[in-house]
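The next block holds one structure in the form of structure tokens; read it before the comments.
Please read all numbers here as calculations on a predicted model, not as lab measurements. Counting starts at 1 for both ligands and their atoms, following the listed order. Heavy atoms only: backbone and side chains are in, while hydrogens, waters and symmetry mates are out.
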Amino acid sequence: MECFGLRNKIAIVTGGNRGIGKAIALALGKAGADVVLAARNTKLLEKTVEEIRAAGGEAFGIKCDLGREKDILSLVENVVHRYGKIDILVNNAGISPFVKRSEEVEKEEWEDVLRVNLTAPFLLCRQAGRVMIENGWGRIINIASIGGVIGLPRQIAYCVAKAGLIEMTKVLALEWTRKHQITVNAVAPGYVATDLTEGMRSSEVISNNLLRRIPAGRFGEAHEIVGAVLYFASEDAGYTTGAVLTVDGGWTAA
Ligand SMILES: NC(=O)c1ccc[n+]([C@@H]2O[C@H](COP(=O)([O-])OP(=O)(O)OC[C@H]3O[C@@H](n4cnc5c(N)ncnc54)[C@H](OP(=O)(O)O)[C@@H]3O)[C@@H](O)[C@H]2O)c1
């Protein structure tokens with residue numbers, strides 16, 4: 001397991017206080033990285049930091065609203081001030097606040113989703129990327145979605161943002177890997193049992209419709225996304241860049 005060790009690595013996980021991000025943060029902590037969690041809910045941040053420390057890892061939480069550029073800039077400044085570097089950036093935080101027909105979507109709703117799911121990851125890639133370039137090494141992992149690979153009806157802003165995130169992954173890989181040893185990859189989960197999908201999973205009709213399309217016959221669990229992230233974060237994944245790994249119970253195989 002040595003090749004997956006992350007000792008002395010500094011990692012930022014956005015939305016690391018619950019759901020998929022929390023599972024990722026716990027795993028990075030266990031692998032030896034110092035993990036910085038960035039999200040809005042400070043109680044959950046504190047709780048997750050405690051859990052990571054209880055498991056033998058090191059972590060701290062920074063309150064950050066990714067909808068605000070100044071929060072993003074000060075997050076990166078704060079981490080660099082504390083550690084002097086950033087090795088791993090996991091752009092995990094995301095929102096999916098509505099499921100509705102495209103003709104009903106308001107401009108503000110569209111902009112809110114794009115701001116958190118696409119603009120924030122770009123700003124973080126740019127800011128953390130500058131630090132990684134200086135350092136000559138980096139791992140960026142963007143948590144996209146199968147919604148960025150295929151179309152999901154009634155989720156236009158979400159799908160467009162996630163497709164944009166996948167494209168961003170590829171462009172940054174082309175720009176930064178050869179010259180700076182920074183790999184940029186994406187994980188595209190299918191439907192995972194977290195707060196994000198609670199609404200859909202709690203409706204029997206929607207839930208059954210979704211389950212019919214998942215060859216694995218069930219929703220995923222947050223911990224099932226972690227292995228892909230650990231691989232992309234590892235030293236040994238230096239030859240993997242610009243890749244998109246679907247972890248979706250087989251949905252996109254159809
Ligand atoms: N669950 C799925 O089925 C699924 C499928 C495909 C892709 N994904 C993607 O996986 C990622 C994690 O999803 P999840 O299911 O774990 O969602 P979740 O349980 O709803 O958690 C979302 C996380 O994002 C953070 N967040 C949301 N808005 C934020 C903001 N403005 N500023 C800072 N942090 C913010 C939340 O923390 P605070 O609320 O404390 O800020 C929370 O930690 C997302 O990018 C999502 O699109 C999920």
Under 4.0 Å from a heavy atom of [X]: which atoms of ligand 1 are those, numbered in the order shown and with their elements?
X	answer
D65	30 (C), 31 (N), 32 (N)
T197	1 (N), 2 (C), 3 (O)
I95	27 (C), 28 (N)
A93	24 (O), 25 (C), 26 (N), 34 (N), 35 (C), 45 (O)
I143	9 (C), 10 (O), 11 (C), 45 (O)
G190	2 (C), 3 (O), 4 (C), 5 (C), 6 (C)

(message) Heavy atom to atom 41 (O) of ligand 1, shortest distance: which of K43, M200, R40, R68 holds it?
(response) R40

(message) Which option wins on minimum heavy-atom distance to atom 37 (O) of ligand 1: N17, I225, T14?
(response)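 The option holding the nearest heavy atom is N17.
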
Looking only at protein heavy atoms, identify the closest one to [atom] and say how far it is in Å.
atom	result
atom 15 (O) of ligand 1	T194 OG1, 2.5 Å
atom 13 (O) of ligand 1	I20 CD1, 4.1 Å
atom 46 (C) of ligand 1	Y158 OH, 3.5 Å
atom 36 (C) of ligand 1	R18 NH2, 3.5 Å
atom 32 (N) of ligand 1	L66 N, 2.8 Å
atom 17 (O) of ligand 1	L196 CB, 3.5 Å
atom 11 (C) of ligand 1	N92 O, 2.9 Å
atom 33 (C) of ligand 1	C64 O, 3.2 Å

Joint cluster assignment, [X] & [Y], ILVMFWY side-chain distance < 4.5 Å:
X	Y	result
L26	L196	no
L165	I88	no
L37	I24	yes
V36	V131	yes
L28	L124	no

Do any N/O atoms on [X] end up under 3.5 angstrom from N/O atoms on ligand 1?
X	answer
G15	yes
G19	no
Y191	no
V192	yes
S145	no

Going by the side chain to side chain contact (heavy atoms under 4.5 Å, CB included) test, name the single residue among [options] that passes it with [X].
X	options	value
E109	V113, D112, V105	V105
I12	N92, L89, V35	L89
S202	E198, M200, E204	E198
I20	V226, T194, V13	T194

(message) Yes or no: does K22 have any heavy atom under 4.0 Å from an atom of ligand 1?
(response) no

(request) Give a yes/no verdict on whether any heavy atom in A144 is under 4.0 Å from an atom of ligand 1. (result) yes

(message) Applying a heavy-atom cut-off of 4.0 Å, say which part of A188 lies close to ligand 1: side chain, backbone, both or neither.
(response) neither

(message) Under the side chain to side chain donor-acceptor pair (under 3.5 Å) definition, can you give me all pairs with a residue in residues 157-177, not counting sequence neighbours?
(response) N142-T169, T177-T241

(message) Looking at W137, I'd like to know if the NZ or CZ of K9 sits under 6.0 Å from its six-membered ring centre while staying within 45 degrees of the ring's axis.
(response)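 Judged by the rule, K9 and W137 form a cation-pi pair.
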
(request) Look at the rings of Y231 and F4 and say which category their plane angle falls in: under 30° parallel, 30 to 60° tilted, over 60° perpendicular. (result)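 Answer is perpendicular, since the angle exceeds 60°.
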
(message) Is any side-chain heavy atom of K22 closer than 4.5 Å to one of L44?
(response) no

(message) Please enumerate all residues that pass ring-ring contact (aromatic ring centres under 6.0 Å, His included) together with F232, with sequence neighbours excluded.
(response) none

